[in-house]
Amino acid sequence: MKRFILNFSALMFCLIFIAACGNPEAENSAQAENDQETPESIETTTPPQGETKERGSIAVVPSASDGIFEQEAKLEAKLEYEGEFRQGIRWNNGPNLNYLVLAVQQSGNFFEKGWKSELLMYHYLAGTDQPSLQKKYVDKADNIYSAVVLLPEQSKIIDLGNNQKAPLFAYAICPDGEDPCEIHVSSITDGQLYDLKRMSNVDQKAFLSKEKASLEAVPEKLRDPLSKLLFSINLDE
């Protein structure tokens, strides 16, 4: 009788111990099932190419390849300007996509009072909706017997280092007859237009001796490419 009581007590102790500890295999199985469950998937969409993407509160403007275009449509941007389109330049400058429109506007009659000949330069910066005009620059003939002529074959985009680029372009203001033209080379960078000019019959040595101040007014990173372009242009060719 005593042996039975002892055995029964031992059996009850084992049952209580197992109940207190639980079933490790059952718990592991339940955990594995929970691990296999995945949260509800988040639907993501990719905007079509060319549309503005939103990243947090920052609007990320799609970039486009650099290029120099003789036709406005190839700029692939809605731009407003006056005058007759002559050339468009598109370039990426760090995170910014830039556009430059070069247009000529003329009115009146040559050699008559009221004659006007202008080069219009429009600098745009790409925005979340459409490019916004940053600044408009104008240069013009000072008399009734001269006209502004863009030299489109001289345009280029140069690398300034540190992920910075700038457009270079050239134009001339030429009088009727045999008098020399005034040659201009220009660039837009850091939101400013920089310009060097010389008369077509002035050589580099004479220019450097007389125009040192105008050269020093140009940022150092632009001096060499602008001066090289200025003296590579020969309008007599």
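Index from 1, following the sequence.
Under the 4.5 Å side-chain criterion, counting only non-hydrogen atoms from C-beta, Leu125 is not in contact with Pro131. Between Ile173 and His184 there is a side-chain heavy-atom pair separated by less than 4.5 Å. Taking the side chain as every heavy atom from C-beta outward, Leu97 and Tyr99 approach each other to under 4.5 Å. At least one side-chain heavy atom of Lys156 sits under 4.5 Å from a side-chain heavy atom of Ile158. Residues Lys221 and Asp190 form a side-chain contact, since some pair of their non-hydrogen atoms from C-beta on lies under 4.5 Å apart. Counting heavy atoms from C-beta outward, Leu235 and Cys174 have side chains that approach closer than 4.5 Å. In this structure, Leu222 and Leu160 have side chains that are in contact, with non-hydrogen atoms separated by less than 4.5 Å. By the 4.5 Å heavy-atom criterion applied to side chains, Phe231 and Phe207 are counted as neighbours.
Heavy-atom minimum distance, Arg198 versus Ile233: NH2-O, 2.9 Å. Residues Ala141 and Ala147 share a closest heavy-atom pair of CB-N, 4.3 Å. Residues Arg90 and Ile157 share a closest heavy-atom pair of O-CD1, 3.5 Å. Pairing each heavy atom of Leu133 with each of His123, the nearest pair is CD1-O, 3.4 Å. Residues Lys74 and Phe69 come closest through the heavy atom pair CB-CD2, 3.6 Å. In this structure, Ile188 and Ala166 approach most closely via the heavy-atom pair O-CB, 3.8 Å.
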Evaluate Ser186 against Tyr171 for side chain to side chain contact (heavy atoms under 4.5 Å, CB included), listing each step before the verdict. CA-CA 9 Å; Ser186 305; Tyr171 61 97; 3.8 Å; yes
I'd like to know whether Phe169 forms a side chain to side chain contact (heavy atoms under 4.5 Å, CB included) with Leu100, so could you lay out the CA-CA distance, the side-chain angles of the two residues, the decisive distance to 0.1 Å, and finally the verdict. CA-CA 10 Å; Phe169 57 97; Leu100 175 65; 3.6 Å; yes
Carefully, step by step, assess Leu226 and Ser187 under the rule side chain to side chain contact (heavy atoms under 4.5 Å, CB included). CA-CA 8 Å; Leu226 279 178; Ser187 180; 4.2 Å; yes
Would you please test Tyr194 and Val185 for side chain to side chain contact (heavy atoms under 4.5 Å, CB included) and show each step? CA-CA 8 Å; Tyr194 296 97; Val185 294; over 6 Å; no
Throw together a table of side-chain donor-acceptor distances under 3.5 angstrom for residues 210-220, partners on residues two or more places apart or in other chains.
from: Glu211; atom 1: OE1; to: Ser214; atom 2: OG; distance (Å): 3.4
from: Ser214; atom 1: OG; to: Glu211; atom 2: O; distance (Å): 2.8

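Among pairs with a residue in residues 145-155, those fulfilling side chain to side chain donor-acceptor pair (under 3.5 Å) read Gln87-Ser155, Asn143-Ser146, at least two apart in sequence or across chains.
Under the 4.5 Å side-chain contact rule for hydrophobic residues, Leu119 and Val149 do not share a cluster. Hydrophobic clustering (side-chain heavy atoms under 4.5 Å, transitive across Ile, Leu, Val, Met, Phe, Trp, Tyr) keeps Leu79 apart from Leu193. A continuous path of hydrophobic side-chain contacts links Leu102 to Val104 [ILVMFWY only; heavy atoms under 4.5 Å]. When hydrophobic clusters are built by joining Ile, Leu, Val, Met, Phe, Trp and Tyr residues whose side-chain heavy atoms come closer than 4.5 Å, directly or via intermediates, Leu151 is grouped together with Leu229. In the hydrophobic cluster analysis, where Ile, Leu, Val, Met, Phe, Trp and Tyr join through side-chain heavy atoms closer than 4.5 angstrom, Val202 is grouped together with Leu230.
Using a distance-only test at 3.5 Å, with no hydrogens or angles considered, no donor-acceptor pair links the side chain of Asn109 to the main chain of Glu112. Side chain of Ser132 to main chain of Gly127: no donor-acceptor pair is present (N/O by atom type, distance under 3.5 Å, no hydrogens or angles). Here the side chain of Asn234 pairs a donor or acceptor atom with the backbone of Asp236 at under 3.5 angstrom.
Defined by atom type and a distance below 3.5 Å, a donor-acceptor pair is missing between the side-chain atoms of Gln105 and Ser107. Defined by atom type and a distance below 3.5 Å, a donor-acceptor pair is missing between the side-chain atoms of Glu80 and Tyr124. Between the side chains of Asn98 and Asn92, not a single donor N or O lies within less than 3.5 Å of an accepting N or O.
Under 4.0 Å is where a charged nitrogen must lie from a carboxylate oxygen, and between Lys165 and Asp66 at least one such pair does. A salt bridge is absent between Glu70 and Arg86: the closest approach of a Lys/Arg side-chain nitrogen to an acidic carboxylate oxygen does not fall below 4.0 angstrom.
Taking OG from Ser227 and CD from Gln204, the interatomic distance works out to 6.5 Å, rounded to the nearest 0.5 Å. With rounding to the nearest 0.5 angstrom, the OG atom of Ser117 is 11.0 Å from the NZ atom of Lys140. In this structure, CH2 on Trp91 lies 10.5 Å from CG on Asn96, to the nearest 0.5 angstrom.
Within a 6.0 Å radius of CG in Asn162, no more than 12 heavy atoms belonging to other residues, nucleotides or ligands are found.
Relative ring orientation between Phe110 and Trp115 is described as perpendicular, the plane-to-plane angle rising above 60° on a 0-90° scale split at 30° and 60°. Taking the six-membered ring where tryptophan is involved, the planes of Phe85 and Tyr81 are tilted, since the angle between them lies from 30° to 60°.
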